[in-house]
Protein chains: 2
Amino acid sequence: MTFLLPQQTIFYQIEKALKRYRKLAQKTIDRAGYGVSINQVILLMNLKERPSANQAELAELIFKDFASVTRMIDLMVKKGFVSRIESKEDRRKKDLILTDLGNEMLENITPLIQEYRMIALDGFNPDEINSAFDFLKRITHNCEESTIKKTVES
Amino acid sequence: MTFLLPQQTIFYQIEKALKRYRKLAQKTIDRAGYGVSINQVILLMNLKERPSANQAELAELIFKDFASVTRMIDLMVKKGFVSRIESKEDRRKKDLILTDLGNEMLENITPLIQEYRMIALDGFNPDEINSAFDFLKRITHNCEESTIKKTVES
DNA sequence: CAATTATAATTGATATATCAATTAAAATCA
DNA sequence: TGATTTTAATTGATATATCAATTATAATTG
(Lines give C-alpha, C1' and ligand atoms only; values in the text may rest on other atoms or scores of the structure.)
Protein backbone atom coordinates (compact mmCIF):
# COMPACT_ATOMS: atom_id res chain seq x y z
CA MET A 1 0.00 0.00 0.00
CA THR A 2 1.34 3.37 -0.97
CA PHE A 3 1.63 6.07 1.59
CA LEU A 4 -0.02 9.33 0.64
CA LEU A 5 1.62 12.57 1.62
CA PRO A 6 -0.71 14.40 3.97
CA GLN A 7 -1.69 16.97 1.39
CA GLN A 8 -2.93 14.27 -0.94
CA THR A 9 -5.51 13.12 1.57
CA ILE A 10 -9.08 14.23 2.03
CA PHE A 11 -8.24 15.50 5.50
CA TYR A 12 -5.90 18.06 4.13
CA GLN A 13 -8.58 19.20 1.71
CA ILE A 14 -10.99 19.55 4.62
CA GLU A 15 -8.48 21.70 6.42
CA LYS A 16 -7.87 23.84 3.38
CA ALA A 17 -11.56 24.47 2.77
CA LEU A 18 -12.10 25.36 6.39
CA LYS A 19 -9.18 27.76 6.50
CA ARG A 20 -10.29 29.58 3.37
CA TYR A 21 -13.82 29.76 4.70
CA ARG A 22 -12.66 31.17 8.01
CA LYS A 23 -10.57 33.77 6.33
CA LEU A 24 -13.49 34.87 4.19
CA ALA A 25 -15.74 34.93 7.25
CA GLN A 26 -13.34 37.01 9.30
CA LYS A 27 -12.71 39.44 6.50
CA THR A 28 -16.42 39.90 5.95
CA ILE A 29 -17.36 40.56 9.55
CA ASP A 30 -14.38 42.89 9.95
CA ARG A 31 -16.30 45.26 7.67
CA ALA A 32 -18.79 45.84 10.49
CA GLY A 33 -15.96 47.37 12.51
CA TYR A 34 -16.62 45.82 15.92
CA GLY A 35 -13.26 44.14 16.19
CA VAL A 36 -14.71 40.73 17.00
CA SER A 37 -13.71 37.27 15.81
CA ILE A 38 -16.12 34.88 14.10
CA ASN A 39 -15.84 32.56 17.05
CA GLN A 40 -16.85 35.30 19.42
CA VAL A 41 -19.87 36.13 17.28
CA ILE A 42 -20.86 32.48 17.09
CA LEU A 43 -20.64 32.21 20.85
CA LEU A 44 -22.89 35.23 21.32
CA MET A 45 -25.39 34.01 18.74
CA ASN A 46 -25.74 30.84 20.74
CA LEU A 47 -26.08 32.78 23.94
CA LYS A 48 -28.87 34.82 22.38
CA GLU A 49 -30.70 31.64 21.41
CA ARG A 50 -30.16 30.05 24.82
CA PRO A 51 -29.90 32.91 27.32
CA SER A 52 -29.87 30.55 30.26
CA ALA A 53 -26.93 28.48 29.03
CA ASN A 54 -23.90 28.46 31.27
CA GLN A 55 -20.36 28.37 29.97
CA ALA A 56 -20.13 24.60 29.93
CA GLU A 57 -23.30 24.31 27.86
CA LEU A 58 -22.09 26.99 25.48
CA ALA A 59 -18.80 25.20 25.10
CA GLU A 60 -20.61 22.04 24.11
CA LEU A 61 -22.91 23.89 21.71
CA ILE A 62 -20.09 25.46 19.80
CA PHE A 63 -17.88 22.39 20.17
CA LYS A 64 -15.09 24.14 21.98
CA ASP A 65 -13.07 23.59 25.10
CA PHE A 66 -14.20 25.07 28.45
CA ALA A 67 -10.93 26.92 28.78
CA SER A 68 -11.32 28.49 25.36
CA VAL A 69 -14.84 29.61 26.20
CA THR A 70 -13.69 31.21 29.45
CA ARG A 71 -11.08 33.18 27.57
CA MET A 72 -13.37 34.15 24.73
CA ILE A 73 -15.87 35.48 27.25
CA ASP A 74 -13.11 37.35 29.09
CA LEU A 75 -12.38 39.19 25.87
CA MET A 76 -16.00 39.94 25.12
CA VAL A 77 -16.60 41.22 28.63
CA LYS A 78 -13.67 43.58 28.14
CA LYS A 79 -15.13 44.71 24.83
CA GLY A 80 -18.51 45.28 26.47
CA PHE A 81 -20.60 42.78 24.48
CA VAL A 82 -21.58 40.63 27.42
CA SER A 83 -21.55 40.76 31.21
CA ARG A 84 -20.77 37.90 33.53
CA ILE A 85 -22.66 37.73 36.83
CA GLU A 86 -22.50 35.13 39.55
CA SER A 87 -25.64 33.00 39.42
CA LYS A 88 -28.00 33.28 42.37
CA GLU A 89 -29.09 29.64 42.38
CA ASP A 90 -25.63 28.14 42.06
CA ARG A 91 -22.68 30.30 42.98
CA ARG A 92 -20.30 28.18 40.93
CA LYS A 93 -22.14 29.23 37.79
CA LYS A 94 -22.02 32.52 35.95
CA ASP A 95 -24.98 34.10 34.22
CA LEU A 96 -24.05 35.63 30.90
CA ILE A 97 -26.01 38.66 29.79
CA LEU A 98 -25.82 40.18 26.32
CA THR A 99 -25.39 43.92 26.60
CA ASP A 100 -27.12 46.41 24.31
CA LEU A 101 -23.88 46.78 22.43
CA GLY A 102 -23.72 43.01 22.10
CA ASN A 103 -27.21 42.88 20.67
CA GLU A 104 -26.54 45.71 18.28
CA MET A 105 -23.36 44.01 17.09
CA LEU A 106 -25.20 40.76 16.41
CA GLU A 107 -27.94 42.56 14.48
CA ASN A 108 -25.40 44.26 12.29
CA ILE A 109 -23.26 41.22 11.73
CA THR A 110 -25.99 38.66 11.02
CA PRO A 111 -26.55 39.81 7.42
CA LEU A 112 -22.81 39.65 6.83
CA ILE A 113 -22.82 36.05 7.98
CA GLN A 114 -25.60 35.27 5.53
CA GLU A 115 -23.51 36.90 2.86
CA TYR A 116 -20.37 34.85 3.30
CA ARG A 117 -22.26 31.63 3.74
CA MET A 118 -23.97 32.17 0.43
CA ILE A 119 -20.68 32.95 -1.25
CA ALA A 120 -19.09 29.80 0.13
CA LEU A 121 -22.00 27.60 -0.98
CA ASP A 122 -22.52 29.24 -4.34
CA GLY A 123 -23.53 26.71 -6.97
CA PHE A 124 -24.34 23.81 -4.66
CA ASN A 125 -27.70 22.10 -4.62
CA PRO A 126 -29.27 20.75 -1.43
CA ASP A 127 -28.50 17.14 -2.36
CA GLU A 128 -24.82 17.85 -2.65
CA ILE A 129 -24.80 19.56 0.71
CA ASN A 130 -26.65 16.68 2.29
CA SER A 131 -24.18 14.18 0.89
CA ALA A 132 -21.35 16.21 2.30
CA PHE A 133 -23.06 16.32 5.67
CA ASP A 134 -23.37 12.61 5.60
CA PHE A 135 -19.76 12.10 4.64
CA LEU A 136 -18.51 14.36 7.40
CA LYS A 137 -20.75 12.82 10.01
CA ARG A 138 -19.40 9.41 9.14
CA ILE A 139 -15.83 10.62 9.49
CA THR A 140 -16.71 12.24 12.80
CA HIS A 141 -18.25 8.99 13.95
CA ASN A 142 -15.32 6.89 12.80
CA CYS A 143 -12.92 9.05 14.78
CA GLU A 144 -14.81 8.67 18.03
CA GLU A 145 -13.16 6.46 20.57
CA SER A 146 -16.15 4.26 21.14
CA THR A 147 -16.31 3.51 17.41
CA ILE A 148 -12.63 2.73 17.18
CA LYS A 149 -12.69 0.04 19.80
CA LYS A 150 -15.43 -1.75 17.90
CA THR A 151 -13.59 -1.45 14.59
CA VAL A 152 -10.41 -2.85 16.02
CA GLU A 153 -12.11 -5.68 17.84
CA SER A 154 -14.19 -6.83 14.89
CA MET B 1 -34.88 33.23 4.39
CA THR B 2 -34.29 31.62 7.74
CA PHE B 3 -31.01 32.09 9.48
CA LEU B 4 -29.28 28.90 10.51
CA LEU B 5 -27.41 28.79 13.76
CA PRO B 6 -23.75 28.10 12.98
CA GLN B 7 -23.90 24.56 14.24
CA GLN B 8 -26.63 23.72 11.75
CA THR B 9 -24.40 24.56 8.83
CA ILE B 10 -22.09 22.33 6.86
CA PHE B 11 -19.14 24.44 7.96
CA TYR B 12 -19.67 23.49 11.54
CA GLN B 13 -19.78 19.85 10.55
CA ILE B 14 -16.52 20.29 8.68
CA GLU B 15 -14.96 21.74 11.79
CA LYS B 16 -16.28 18.96 13.96
CA ALA B 17 -14.98 16.22 11.69
CA LEU B 18 -11.60 17.85 11.52
CA LYS B 19 -11.33 18.29 15.26
CA ARG B 20 -12.21 14.68 15.95
CA TYR B 21 -9.78 13.53 13.31
CA ARG B 22 -7.00 15.65 14.75
CA LYS B 23 -7.63 14.34 18.21
CA LEU B 24 -7.49 10.76 16.98
CA ALA B 25 -4.34 11.52 15.02
CA GLN B 26 -2.59 13.12 17.97
CA LYS B 27 -3.59 10.37 20.34
CA THR B 28 -2.31 7.74 17.93
CA ILE B 29 1.08 9.28 17.31
CA ASP B 30 1.51 9.95 21.02
CA ARG B 31 1.84 6.19 21.38
CA ALA B 32 5.21 6.39 19.63
CA GLY B 33 6.48 8.47 22.53
CA TYR B 34 8.41 11.15 20.67
CA GLY B 35 6.41 14.05 22.05
CA VAL B 36 5.70 15.55 18.61
CA SER B 37 2.55 17.06 17.19
CA ILE B 38 0.87 15.86 14.00
CA ASN B 39 1.71 19.15 12.37
CA GLN B 40 5.35 18.75 13.20
CA VAL B 41 5.36 15.27 11.71
CA ILE B 42 3.61 16.47 8.58
CA LEU B 43 6.17 19.20 8.18
CA LEU B 44 9.03 16.72 8.46
CA MET B 45 7.40 14.29 6.07
CA ASN B 46 7.29 17.05 3.50
CA LEU B 47 10.85 17.97 4.20
CA LYS B 48 11.88 14.38 3.65
CA GLU B 49 10.12 14.37 0.27
CA ARG B 50 11.58 17.71 -0.71
CA PRO B 51 14.91 18.04 1.10
CA SER B 52 15.81 21.22 -0.73
CA ALA B 53 12.63 23.08 0.21
CA ASN B 54 13.11 26.23 2.19
CA GLN B 55 10.75 27.36 4.93
CA ALA B 56 8.55 29.39 2.61
CA GLU B 57 8.07 26.44 0.28
CA LEU B 58 7.31 24.15 3.19
CA ALA B 59 4.76 26.62 4.49
CA GLU B 60 3.00 26.60 1.17
CA LEU B 61 3.12 22.82 0.92
CA ILE B 62 1.47 22.29 4.26
CA PHE B 63 -0.79 25.32 3.83
CA LYS B 64 0.47 27.15 6.88
CA ASP B 65 1.72 30.59 7.67
CA PHE B 66 5.46 31.42 7.47
CA ALA B 67 5.46 32.48 11.10
CA SER B 68 3.92 29.18 12.19
CA VAL B 69 6.51 27.24 10.24
CA THR B 70 9.36 29.18 11.82
CA ARG B 71 8.05 28.37 15.26
CA MET B 72 7.34 24.74 14.47
CA ILE B 73 10.89 24.36 13.24
CA ASP B 74 12.24 26.11 16.34
CA LEU B 75 10.55 23.43 18.42
CA MET B 76 11.80 20.59 16.30
CA VAL B 77 15.34 21.92 16.34
CA LYS B 78 15.13 21.97 20.14
CA LYS B 79 13.86 18.42 20.13
CA GLY B 80 16.68 17.37 17.82
CA PHE B 81 14.63 16.19 14.83
CA VAL B 82 16.02 18.70 12.40
CA SER B 83 18.88 21.14 12.12
CA ARG B 84 18.74 24.58 10.59
CA ILE B 85 21.83 25.81 8.73
CA GLU B 86 22.38 29.03 6.84
CA SER B 87 22.31 28.34 3.12
CA LYS B 88 25.56 28.86 1.25
CA GLU B 89 23.98 30.12 -1.98
CA ASP B 90 21.63 32.60 -0.37
CA ARG B 91 22.34 33.71 3.14
CA ARG B 92 18.74 34.73 3.74
CA LYS B 93 17.71 31.11 3.38
CA LYS B 94 18.10 28.27 5.83
CA ASP B 95 18.80 24.70 4.86
CA LEU B 96 16.81 22.22 6.89
CA ILE B 97 18.39 18.85 7.54
CA LEU B 98 16.58 15.91 9.04
CA THR B 99 18.66 14.37 11.79
CA ASP B 100 18.99 10.65 12.38
CA LEU B 101 16.54 10.98 15.23
CA GLY B 102 14.15 12.81 12.90
CA ASN B 103 14.38 10.01 10.36
CA GLU B 104 13.90 7.35 12.98
CA MET B 105 10.89 9.17 14.34
CA LEU B 106 9.30 9.38 10.89
CA GLU B 107 9.91 5.70 10.25
CA ASN B 108 8.23 4.76 13.48
CA ILE B 109 5.32 7.14 13.12
CA THR B 110 4.44 6.48 9.48
CA PRO B 111 2.59 3.20 10.20
CA LEU B 112 0.65 4.96 12.93
CA ILE B 113 -0.46 7.56 10.42
CA GLN B 114 -1.64 4.80 8.10
CA GLU B 115 -3.54 3.35 11.01
CA TYR B 116 -5.55 6.40 11.96
CA ARG B 117 -6.24 7.33 8.36
CA MET B 118 -7.75 3.93 7.79
CA ILE B 119 -9.83 4.22 10.92
CA ALA B 120 -11.15 7.62 9.87
CA LEU B 121 -12.06 6.42 6.38
CA ASP B 122 -13.46 3.06 7.43
CA GLY B 123 -16.43 2.09 5.29
CA PHE B 124 -16.00 4.65 2.52
CA ASN B 125 -15.60 3.70 -1.10
CA PRO B 126 -13.38 5.65 -3.51
CA ASP B 127 -16.33 7.31 -5.21
CA GLU B 128 -17.56 8.79 -1.96
CA ILE B 129 -14.13 10.14 -1.19
CA ASN B 130 -13.84 11.62 -4.63
CA SER B 131 -17.18 13.35 -4.30
CA ALA B 132 -16.12 14.80 -1.00
CA PHE B 133 -12.88 16.00 -2.55
CA ASP B 134 -14.86 17.69 -5.23
CA PHE B 135 -17.23 19.31 -2.78
CA LEU B 136 -14.41 20.65 -0.64
CA LYS B 137 -12.46 21.94 -3.60
CA ARG B 138 -15.50 23.85 -4.76
CA ILE B 139 -15.93 25.44 -1.33
CA THR B 140 -12.25 26.30 -1.27
CA HIS B 141 -12.57 27.88 -4.67
CA ASN B 142 -15.72 29.81 -3.75
CA CYS B 143 -13.98 31.32 -0.75
CA GLU B 144 -11.04 32.62 -2.74
CA GLU B 145 -11.01 36.34 -3.23
CA SER B 146 -10.65 36.22 -6.97
CA THR B 147 -13.78 34.07 -7.22
CA ILE B 148 -15.78 36.34 -4.96
CA LYS B 149 -15.29 39.44 -7.06
CA LYS B 150 -16.64 37.61 -10.09
CA THR B 151 -19.64 36.27 -8.17
CA VAL B 152 -20.57 39.67 -6.84
CA GLU B 153 -20.14 41.41 -10.17
CA SER B 154 -22.19 38.93 -12.14
C1' DC C 1 27.50 51.61 -8.53
C1' DA C 2 24.13 53.61 -5.16
C1' DA C 3 19.44 53.67 -4.05
C1' DT C 4 15.34 51.20 -4.11
C1' DT C 5 12.66 47.15 -4.02
C1' DA C 6 11.91 42.31 -3.14
C1' DT C 7 12.63 38.16 -0.55
C1' DA C 8 13.53 34.80 3.52
C1' DA C 9 13.12 34.36 7.92
C1' DT C 10 12.25 36.01 12.49
C1' DT C 11 9.80 38.38 16.07
C1' DG C 12 5.86 40.57 18.49
C1' DA C 13 1.14 40.75 19.68
C1' DT C 14 -3.01 38.58 20.20
C1' DA C 15 -6.57 34.75 19.70
C1' DT C 16 -7.49 30.16 20.05
C1' DA C 17 -6.82 25.00 21.30
C1' DT C 18 -5.65 21.52 24.52
C1' DC C 19 -4.42 19.32 28.66
C1' DA C 20 -3.66 19.49 33.43
C1' DA C 21 -4.11 21.61 37.81
C1' DT C 22 -6.61 24.53 40.87
C1' DT C 23 -10.41 26.83 43.36
C1' DA C 24 -14.86 27.28 45.13
C1' DA C 25 -19.24 25.67 45.73
C1' DA C 26 -22.71 22.06 45.58
C1' DA C 27 -24.14 17.33 45.95
C1' DT C 28 -23.66 12.85 47.83
C1' DC C 29 -23.14 9.41 51.12
C1' DA C 30 -21.61 6.89 55.17
C1' DT D 1 -23.58 16.08 59.83
C1' DG D 2 -18.82 15.75 58.33
C1' DA D 3 -15.97 13.78 54.78
C1' DT D 4 -15.78 12.77 50.01
C1' DT D 5 -16.92 13.41 45.31
C1' DT D 6 -18.62 16.10 41.58
C1' DT D 7 -19.26 20.22 39.08
C1' DA D 8 -18.39 25.10 37.12
C1' DA D 9 -15.21 27.99 36.09
C1' DT D 10 -10.58 29.70 36.05
C1' DT D 11 -5.66 29.50 35.41
C1' DG D 12 -1.14 27.81 33.70
C1' DA D 13 1.65 25.90 30.17
C1' DT D 14 2.44 25.12 25.58
C1' DA D 15 1.30 24.80 20.47
C1' DT D 16 -0.59 26.88 16.72
C1' DA D 17 -2.75 30.74 13.68
C1' DT D 18 -2.70 35.28 11.92
C1' DC D 19 -1.29 39.81 10.93
C1' DA D 20 2.05 43.33 11.14
C1' DA D 21 6.64 44.88 11.77
C1' DT D 22 11.50 44.02 11.54
C1' DT D 23 16.09 42.35 10.01
C1' DA D 24 19.30 40.77 6.83
C1' DT D 25 20.40 39.79 2.36
C1' DA D 26 19.73 39.65 -2.59
C1' DA D 27 18.05 41.54 -6.85
C1' DT D 28 16.79 45.35 -9.62
C1' DT D 29 17.13 49.61 -11.79
C1' DG D 30 18.13 54.44 -12.74
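Bear in mind the structure is a predicted one, so any value in this text is a computation, not a measurement. Numbered from 1 within each chain, the chains take letters A, B, ... in sequence-line order. The figures that follow rest on heavy atoms only: side chains count, while hydrogens, waters and symmetry mates do not.
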Touch class at under 4.0 angstrom, heavy-atom based, for [X] against every strand present:
X       : result
B:Ala67 : base
A:Arg22 : nothing
B:Ser37 : sugar-phosphate
A:Asp65 : base
B:Gln40 : sugar-phosphate

Candidate pair A:Glu115 and A:Arg31, rule salt bridge (Lys or Arg N to Asp or Glu O under 4.0 Å), full reasoning
CA-CA 12 Å; A:Glu115 179 187 318; A:Arg31 296 205 320 251; 3.0 Å; yes
Could you walk me through whether A:Lys19 and B:Lys64 satisfy the side chain to side chain contact (heavy atoms under 4.5 Å, CB included) test, starting with their C-alpha distance in whole Å, then the side-chain angles of each, then the deciding distance to 0.1 Å, before giving a yes or no?
CA-CA 10 Å; A:Lys19 268 195 194 172; B:Lys64 293 198 188 292; 3.9 Å; yes
Is the backbone of [Y] close enough, under 3.5 Å, to the side chain of [X] for a donor and an acceptor to pair up by distance?
X        : Y       : value
B:Thr140 : A:Lys16 : no
A:Glu60  : A:Glu57 : no
B:Lys79  : B:Gly35 : yes

Name the residue closer to the 5' end of DNA chain D, choosing between B:Asn39 and A:Lys23 according to the nucleotide with the nearest heavy atom.
B:Asn39
First of B:Leu75 and A:Lys93 reached from the 5' end of DNA chain D, by closest nucleotide
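Its nearest nucleotide lies further toward 5', so the answer is A:Lys93.
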Atom CZ of A:Arg84: over 12 foreign heavy atoms under 6.0 Å:
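More than 12 heavy atoms, drawn from other residues, nucleotides or ligands, come within 6.0 Å of this atom.
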Please determine whether the number of non-hydrogen atoms from other residues, nucleotides or ligands lying under 6.0 Å from atom CG of A:Asn125 exceeds 12.
yes
Whole-Å gap separating C1' (C:dA25) and CD (A:Glu86):
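Answer to the nearest Å: 9 Å.
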Helical bend (five base pairs per end, nearest 10°) for the helix from C:dC1-D:dG30 to C:dA30-D:dT1:
0°
If you find the nucleotide of DNA chain C closest to A:Ile38 and the one closest to B:Ile73, which residue's nucleotide is nearer the 5' end?
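Of the two residues, B:Ile73 wins.
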Toward the 5' end of DNA chain C, by each residue's nearest nucleotide, A:Met72 or A:Glu89
A:Met72
Could you list where the contact with chain B starts and ends along DNA chain D, reading 5' to 3', using a 4.0 Å heavy-atom cut-off?
D:dA15 to D:dA26
Establish, for the pair A:Arg117 and B:Phe11, whether the NZ or CZ atom is under 6.0 angstrom from the six-membered ring centre and no further than 45 degrees off its axis.
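Judged by the rule (NZ or CZ under 6.0 Å from the ring centre, within 45° of its axis), A:Arg117 is not positioned above B:Phe11.
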B:Asn103 and B:Glu107: side-chain donor and acceptor closer than 3.5 Å?
no
